[in-house]
Amino acid sequence: MLKVTKFGGSSLCDSAGFSRVREIVLADPARRVVVVSAAGKRHTADHKITDLLYLCHAHLQYGVSCWDLWRRIADRYREIRDGCCLTLPIEAELDAIYAAMRRDTPLSWIVSRGEYLSARLMADLLGFEFVDAKDWLLFDSAGRIRQAASYAALGSLADGRKIVTPGFYGALPDGTIHTLPRGGSDVTGALAAAALHADLYENWTDVTGVLAADPQLIKDPTPVSQLRYEELQTLSRVGMQILHEDAVAPVRQAQIPLRICNTFEPEKPGTLVRPQIEPGGGQICFAGRRKLAMLRLSCPQEPDADAKLAAVLAQARLAPFSVQSVCGELTALLPMEPGSEPLHRLREQAAQALRPQTCTLRENLSVLAALCRSSAAVPALTGAVEKSGAPVHLLQMCGACALMLVNDSQYEQSLRAAYAASRDLRD
Ligand code: ASP
């Protein structure tokens, strides 16, 4: 039996966190492969180590000293080492990292050092071997993961041993460090589980698995005990921030069950993600994506409308949340992050390129996504949202998720109404 266990930054924010992780790992002899993130926030006003490393690099780009920031990073890792009564001499490593930063070292190397230091200390604390991710997570020169080569490399490096390996980074063919997107340690863990044919991939975080709704908006939402792989993928895509969206594919491909567990409540079962769920185990759960704009174009005479809109979006470097095309009616949902001005410019560019009969842009919207395994639940949920006084401007299906487009100012009331209605429905 082999369990690959990945611990996120909130589980590793200080020496108490490291000790808690040690207890969890050593409680089960099957937990032989451990993947770690960089230390995360200790409290809401704190900073993640990775964010501080990005900031160090930004300072150096403008010729500003990053000494104060670096000291905070080094102090955090020294506190972890000393608080766990370890004797690993990390001072020389810390000095070498600071010196390298000031020698114009690439950003990817700098920001990967949080995971590297976490893994070195965790390996020492557990008495496991340290395996550097640069030696097994291999990218091609375009930055794509070389899955077969990476699996083979980890297979021979791990070879039945107990190891700790850093998340978030690997190496390009020339040996230089390359990072995954932010939150990518989840992906590293999934790849390690698939590479080693693990029986289970445990992803340990600071919440008790997937909850039926955001606990900051709904009091004590029901825990979701089981999900299918594709359901978790869809929920992540539409805004649930529990696990990196790309972390599901490797375990889904290898059919390895994934359990999302809480480091602070290890006795709770969390959420188990598998190919199928047990009968009667399904329940409606909600996720959301805030601050979107809707661009609508009506161009029934334009045969290439979809391609032309895609080109306009690519030129504006805007990644849409979704694009739907029905009989010449195009609807794109776009993040509002670039602000109103670029979105209005985009509307003009789209109008010029597609010459639509009508072209409207509506801002400050949100998508409320409801995972419903039975389509009968959809009208009941939209009905409850509208009855609460929040108009549903658009309803789309994305996999088993019903996406309801509402005014951002009415998002919370919509969620409360839909959540209350879901309690009376059997999914
Ligand atoms: N430390 C990296 C980040 O903050 C990667 C990770 O935690 O998964 O994005």
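Heavy atoms only: backbone and side chains are in, while hydrogens, waters and symmetry mates are out. Remember, it's 1-based here, ligands and their atoms both numbered in the order they're listed.
Taking every non-hydrogen atom of Ser185 and a distance limit under 4.0 Å, the qualifying atoms of ligand 1 come out as 5 (C), 6 (C), 7 (O), 8 (O). Per-residue contacts place Ser37 under 4.0 angstrom from the following atoms of ligand 1 (heavy atoms of the residue considered): 6 (C), 7 (O), 8 (O). When each atom of ligand 1 is checked for a heavy atom of Arg182 under 4.0 Å away, the hits are 3 (C), 4 (O), 9 (O).
Between the side chain of Arg259 and the main chain of Gly209, no donor-acceptor pair closer than 3.5 Å is present. Between the side chain of Asp246 and the backbone N or O of Val187 there is no donor-acceptor pair closer than 3.5 Å.
With ring centers used as reference points, Phe18 lies 6.0 Å or more from Phe7.
Every N/O-N/O distance between Lys6 and ligand 1 stays at or above 3.5 Å. When only interatomic distances are considered, the shortest N/O to N/O separation between Glu115 and ligand 1 falls below 3.5 Å. Distances between N or O atoms of Phe168 and those of ligand 1 include no value under 3.5 Å. Polar contact check, Asp186 against ligand 1: no nitrogen or oxygen pair lies under 3.5 Å apart.
Under the 6.0 Å distance and 45° angle rule, Arg423 counts as a cation-pi partner of Tyr419. Judged by the 6.0 Å and 45° rule, Arg113 forms a cation-pi pair with Tyr169.
When the options Asn203, Asp186, Thr165, Thr205 are evaluated for a side-chain hydrogen bond (donor to acceptor under 3.5 Å, both in side chains) with Lys6, the one that passes is Asp186.
Taking 4.0 Å as the cut-off, Gly9 does not count as a neighbour of ligand 1 on heavy-atom distance. Residue Gly184 places a heavy atom less than 4.0 Å from ligand 1.
Look at Asp51 and Arg182 and you find a salt bridge, because one of the NZ, NE, NH1 or NH2 atoms lies within 4.0 Å of a carboxylate O, short of that distance.
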